[in-house]
Number of protein chains: 2
Amino acid sequence: MTDVKIYMQDLGRRARLASRAMARANTATKNAALLKMADLIDAQTEHLKLENAKDVANASAKGMDSAFIDRLTLSDKAIASMVAGLRQVAELPDPIGQMMNFKPLPSGINVGQMRVPLGVIGIIYESRPNVTIDAAALCIKSGNATILRGGSEALHSNQALASIVQSGLLSAGLPADAVQVVNTTDRAAVGELITMTEYVDVIVPRGGKSLIERLMNDARVPMIKHLDGICHSYIDVDADVSKAIKVCDNAKTQRYAPCNTMETLLVHAQVAAEVLPTLCKIYQEKAVELRVDSATRATLESVGFKDLATATEADWCTEYLAPILSIKTVQTVDEAIEHINHYGSAHTDAIITENYSTAQKFLREVDSSSVMVNASTRFADGFEYGLGAEIGISNDKLHARGPVGLDGLTSLKYIVLGDGHIRT
Amino acid sequence: MTDVKIYMQDLGRRARLASRAMARANTATKNAALLKMADLIDAQTEHLKLENAKDVANASAKGMDSAFIDRLTLSDKAIASMVAGLRQVAELPDPIGQMMNFKPLPSGINVGQMRVPLGVIGIIYESRPNVTIDAAALCIKSGNATILRGGSEALHSNQALASIVQSGLLSAGLPADAVQVVNTTDRAAVGELITMTEYVDVIVPRGGKSLIERLMNDARVPMIKHLDGICHSYIDVDADVSKAIKVCDNAKTQRYAPCNTMETLLVHAQVAAEVLPTLCKIYQEKAVELRVDSATRATLESVGFKDLATATEADWCTEYLAPILSIKTVQTVDEAIEHINHYGSAHTDAIITENYSTAQKFLREVDSSSVMVNASTRFADGFEYGLGAEIGISNDKLHARGPVGLDGLTSLKYIVLGDGHIRT
């Protein structure tokens, strides 16, 4: 075995052992650990900033761009936000041990389910040290052990944070190994983490598409992940035009970078002339580049729009994450649904309509993790959905789908209560 | 591409397309297809038996054993049971389209979930033609398309059944491609099926441990599976001895081959002398071989038991599927839990106790897909749990855990109902 393999297997063994203690830990103990971590971060702000400064200096010397440095930097605001996050997670209801769905059966046994932790969660993320605290907090609250592998440029910051997390765990009587931060920048460590099926129950990658694509090729441990958010809004023939304009403006322009931002607008041909000129004027005023099909071009040019780009096949498949919007005019709701199911990424798609049956059809037939009526796709978020937390968004179908909160880090086992019952 | 790869990719493409129509199909349509299949099987009994006779003749010529031939043979009883099964599945509630968990949120949106099919399910099984109908029925009812790959010795039988299934689908206006049976015995077909992640959403292997181990090495598509059922019963210090004897007799001897049969009995040292002699006498009368640790041996030999086998380390890890039972005496409930979590297979484990706190501890800390109090492990079954059906049992933690019914072949998507709501 290579050194990295030996090292990672050891982390795995310790995590598996710690996961048993975490599964048994009661709510008060887990909360005490989280609150202690918040206090320690608060008290060690200067130390954290010193460690972080080493990472920032190295990254700057390597010529990383300013967006990268921003994400890497533990500013006072970023530190305060970590502290607040820990206290918020402590206040969330504990999902573990919740019992539900009990029913008495003809044999006399009573069968229900109990929510339990998944076990060991591997989290792989980029050079954003705040994710170390965020991920650790969610795993602790949900009774899991975790192995964290952050971007190598954040190594000093993450080690300093890990030491605080482990102090918090120990002060509450929980095993320090419940949260381990991989302390090597060797990329082989990631390869081990995503294949140690005996020690790791699920991988949650938090990062861009390229990270996730890389992991997908090699992972043997199941992942909770989404690749892209190619989100659509469809303005139906029966849309309320003022709602359509308000919602589709918000879905595209409230923020450009999130995965739940609209990337393609579909419009029913019979309302295109009524809705598109006003809406596209708003987009252009906000400097959103429009890429349109020929029918949409005809509608817009007839009222004086000029120099519109043509949407190509590639546009329908692209998550711009930028002030660019592709627009297509469709003849029917079925055409809209077909376009979404074909070109979309099963993330979040919305219809704007006042027609009950059309709304029901869209809700039922669009095969995405979130489907909306008369609402902005930007709502697809664990906090907006009332989950109280978000470890990520999944557009897979097994296990958790859509925004994943604490429950997504748990499983349900069956509980059978008998009184000496036997099977006959 | 090899011929097999081209063939399987074509099945995959067709299944994906058919899955869209299946997801849209209403309950009446799906039930009509199931009932038509039942009628057709009833009407074509003689034809089915002729096709099946070819398989049986080939298998006999190959020297397959009588248990194999039994499972392969479509007797009148087996055919009647397939017909009854189809009619039962038609009567089950349709899980698809069920909406739940709606709650209004501070932003004004209303967020809930809708149950939807997984999409395309690959089912891999041995030479038991009845599984073709059973699996097809569950996939149809849950709105999924399926690709079935049965054992090669059942090829004629499965093709005859597939043709009936497809007639049933067409007669109800559903696509014949919703249920496709792989018509090649080339084993490379399995390799394709379990790696076509673009066309197959989940694999359900139905068969023995060796089949599943083989698939696990190569599968890229997620699986709903369990490997073994090393099930335990633990007789606590506070057990009601008469319940303990009744339940532990049943757990071992009601049937020997099922995965939910007890393989290891754990007994608290303080009740061993009271419970073991009576219970072990029952086992010996039923010709169950006992393999015991030294403390259990001492207890039993002191009352005249002789020639007891010694349980080795391997016994604690073995699913006998036979009239053999390993017995260990433990000092505490913690020792029992640790033994189960270490040696068990996370399938089904039971405690016999009258002590409330001990029962709660066992329920919470035993990390298995079914955990029971005062009931026989033999109850771990989709029908006994009131699921109305069972596609298999999962001892994994992601997605479905324990007996998997129709709901296990579905997923929940988020539904957001707004009225022109935007995110601010």
Side-chain angles (χ1 to χ4, degrees), chain A residues 20 23-24 97 103 105-107 109 111 113-114 116 118-119 201-202 222 240 242-243 246-247 249-251 254 341 350 352 363-365 367-376 378-381 384-386 397-399 401-403 411-424, chain B residues 20 23-24 97 103 105-107 109 111 113-114 116 118-119 201-202 222 240 242-243 246-247 249-251 254 341 350 352 363-365 367-376 378-381 384-386 397-399 401-403 411-424:
Chain A
R20 300 276 180 218
R24 282 193 302 268
K103 56 181 175 186
L105 286 154
S107 63
I109 59 172
V111 178
Q113 291 175 298
M114 184 192 280
V116 294
L118 288 177
D201 296 292
V202 64
D240 174 310
S242 65
K243 286 181 198 167
K246 192 170 73 159
V247 167
D249 172 17
N250 184 263
Q254 200 234 350
N341 285 340
I352 317 297
L363 286 174
R364 172 104 183 225
E365 296 184 15
D367 185 22
S368 298
S369 68
S370 288
V371 192
M372 303 184 168
V373 181
N374 294 341
S376 167
R378 289 278 298 116
F379 280 112
D381 173 281
E384 293 292 338
Y385 283 8
K397 288 186 180 176
L398 284 180
H399 197 63
R401 194 169 190 213
S411 181
L412 294 174
K413 69 182 178 191
Y414 278 100
I415 297 295
V416 176
L417 304 178
D419 186 30
H421 287 91
I422 60 170
R423 189 154 167 197
T424 50
Chain B
R20 301 276 180 216
R24 282 194 301 268
K103 56 182 173 184
L105 286 153
S107 64
I109 58 173
V111 178
Q113 291 175 297
M114 183 191 282
V116 293
L118 288 178
D201 295 293
V202 63
D240 174 308
S242 67
K243 287 181 198 168
K246 191 171 74 158
V247 168
D249 172 17
N250 184 263
Q254 200 234 350
N341 286 339
I352 316 298
L363 286 175
R364 171 105 183 222
E365 296 184 16
D367 185 22
S368 298
S369 68
S370 287
V371 191
M372 303 183 168
V373 180
N374 293 342
S376 167
R378 288 279 295 118
F379 279 113
D381 173 280
E384 293 293 337
Y385 283 9
K397 287 187 181 175
L398 284 180
H399 196 64
R401 195 167 191 217
S411 180
L412 294 175
K413 69 183 177 191
Y414 278 101
I415 297 295
V416 176
L417 304 178
D419 186 29
H421 288 89
I422 59 170
R423 190 155 165 196
T424 49

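Within every chain, numbering begins at 1; the chains are lettered A, B, ... in the order of the sequence lines, protein sequences first and strands thereafter.
For the pair B:D419 and A:K243, the minimum side-chain heavy-atom distance is below 4.5 Å. The shortest distance between side-chain heavy atoms of A:R423 and B:N250 falls below 4.5 Å. Within the 4.5 Å cutoff, the side chain of B:V116 has heavy atoms near those of the A:R401 side chain.
Here the options are A:D201, A:L398, A:V202, the test is side-chain contact (heavy atoms from CB on, under 4.5 Å), and the partner is B:L398; only A:V202 passes.
The aromatic rings of B:F379 and A:H421 sit perpendicular to each other, their planes meeting at more than 60°, with 30° as the lower class boundary.
For chain B, the nearby parts of A:V373 are the backbone and the side chain; heavy atoms of each come within less than 4.5 Å. Of the two parts of A:L417, the backbone and the side chain both hold a non-hydrogen atom closer than 4.5 Å to a non-hydrogen atom of chain B. In this structure, chain B has a heavy atom under 4.5 Å from the side chain of A:S107, while its backbone stays farther away. Proximity to chain B (any heavy atom under 4.5 Å) is shown, for A:V371, by both the backbone and the side chain. Looking at A:L363, the atoms closer than 4.5 Å to chain B (heavy atoms on both sides) sit in the backbone and in the side chain alike. Residue B:Q113 does not touch chain A at all, counting heavy-atom pairs closer than 4.5 Å. Interface residue A:D381: only side-chain heavy atoms are found under 4.5 Å from chain B. Of the atoms belonging to B:I422, heavy atoms from both backbone and side chain fall under 4.5 Å from chain A.
By number of non-hydrogen pairs under 4.5 angstrom with chain A, the leading residue of B:P106, B:G386, B:A380 is B:G386. Of the listed residues (B:A251, B:S242, B:P403), the one with the most heavy-atom contacts under 4.5 Å to chain A is B:P403.
Proximity of a side-chain donor or acceptor of B:K413 to a complementary backbone N or O of A:K397 within less than 3.5 Å is not detected.
In this structure, CG in B:L118 is found 10.0 Å from CG in A:D367, a value given to the nearest 0.5 Å.
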